[in-house]
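A short write-up of the structure that comes next.
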Amino acid sequence: IIGIPKGAKHPLDAITVTTADRVVMVEIAPGGTSVLETEGGWLLHTNHFLAPERQDGARLTHAASTTHARMASIEGATAGATGPQEAADLIPLLCSPLGDRTVALLPDETRPEAERSATLATILMDPARRTIRLSPGVPQHAHEVSVTYRVQEEA
């Protein structure tokens, strides 16, 4: 689970690499890369480096950053839970209370447009079924509108 707020000035560079049997995230920094593996069926990430070797010299998060609160939210949601059996099992974990502004974000209309962080899309990848499902906005509304893409096997 990765979210980069709209208008972020210095987003963390992380790439999720997945197959039907394995998921890893690669944290990318000027000093090198780190590969993070699943623990107990979950691979969680927000907008700060997690790998111990990326901590030295890492830019401190901005005081207004919610990255640690968002990580705590998804860690709490997955604590003691078995790993997901399919991509749709992830949707409830992404549906944080919208007023908490932790994982799922609606734009704060009281802020100037350039400062309105928001969840722009919900994306579910299911490598076993070779599908990617895209829905605009917060995961709470993912069931309302979505487009599913299927990767064709080569003949």
Side-chain angles (χ1 to χ4, degrees), residues 1-30 32-55 58 61 65-108 116-155:
I1 301 174
I2 296 180
I4 298 176
K6 178 176 136 184
K9 292 179 177 51
H10 301 287
L12 164 71
D13 288 322
I15 297 172
T16 303
V17 181
T18 181
T19 68
D21 303 322
R22 186 174 178 212
V23 177
V24 300
M25 283 189 193
V26 182
E27 291 183 332
I28 303 168
T33 60
S34 300
V35 177
L36 304 172
E37 303 274 349
T38 60
E39 294 180 22
W42 299 101
L43 184 56
L44 309 174
H45 210 294
T46 56
N47 295 91
H48 61 280
F49 287 116
L50 300 177
E53 63 273 19
R54 295 289 140 241
Q55 301 307 308
T61 56
S65 171
T66 61
T67 186
H68 294 287
R70 287 183 287 119
M71 183 60 114
S73 175
I74 59 175
E75 285 174 337
T78 58
T82 58
Q85 298 302 305
E86 57 184 53
D89 295 343
L90 299 172
I91 290 287
L93 302 174
L94 299 172
C95 292
S96 65
L98 295 173
D100 291 355
R101 299 192 54 77
T102 51
V103 179
L105 300 176
L106 290 174
D108 181 349
R116 294 180 194 165
S117 296
T119 300
L120 301 178
T122 300
I123 303 168
L124 292 176
M125 298 182 302
D126 190 334
R129 293 188 174 105
R130 303 173 66 94
T131 61
I132 297 174
R133 188 174 115 193
L134 303 162
S135 301
V138 294
Q140 285 86 331
H141 302 296
H143 65 281
E144 295 171 9
V145 176
S146 68
V147 175
T148 301
Y149 297 91
R150 181 171 305 281
V151 178
Q152 299 286 332
E153 290 191 45
E154 292 185 38

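Remember, predicted model here, so these are calculated numbers, not experimental data. Just the heavy atoms: all of them, side chains too, but no hydrogens, waters or symmetry mates, feed the values below.
With sequence neighbours excluded, the residues forming a side chain to side chain contact (heavy atoms under 4.5 Å, CB included) with P107 are E109, R116, A118, listed by chain and number. Every residue meeting the side chain to side chain donor-acceptor pair (under 3.5 Å) condition with S34, not counting sequence neighbours, appears here in chain and number order: E53, R54.
Rounding to the nearest 0.5 Å gives a distance of 11.0 Å between CD1 of I91 and CD of E86. With rounding to the nearest 0.5 Å, the separation of CE in M25 from OG1 in T38 is 10.5 Å. Atom CG of residue L106 and atom OG1 of residue T119 lie 7.5 Å apart, to the nearest 0.5 angstrom. For the atom pair NE2 (H45) and CE (M71), the distance works out to 6.5 Å, reported to the nearest 0.5 Å. L90 CG to T122 OG1: the interatomic distance, rounded to the nearest 0.5 Å, is 11.0 Å. For the atom pair CD1 of I123 and OG1 of T16, the computed distance is 10.0 Å after rounding to the nearest 0.5 Å.
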Check: residues 137-150 side-chain donor-acceptor pairs under 3.5 Å, at least two apart:
unit_1: Q140; atom_1: NE2; unit_2: S96; atom_2: O; d: 2.9
unit_1: H141; atom_1: ND1; unit_2: E144; atom_2: OE2; d: 3.0
unit_1: H143; atom_1: ND1; unit_2: Q140; atom_2: O; d: 3.4
unit_1: R150; atom_1: NH1; unit_2: R129; atom_2: O; d: 2.7

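Of all the heavy atoms in V26 and V35, the pair that sits closest is CG2-CG2, 4.3 Å. Here the shortest heavy-atom pairing between E27 and L50 reads OE2-N, 2.7 Å.
More than 12 heavy atoms of other residues, nucleotides or ligands lie within 6.0 Å of CZ in R130, so this atom counts as buried by the packing criterion.
A donor-acceptor distance shorter than 3.5 angstrom exists from the side chain of W42 to the backbone of A81, with no hydrogens or angles considered.
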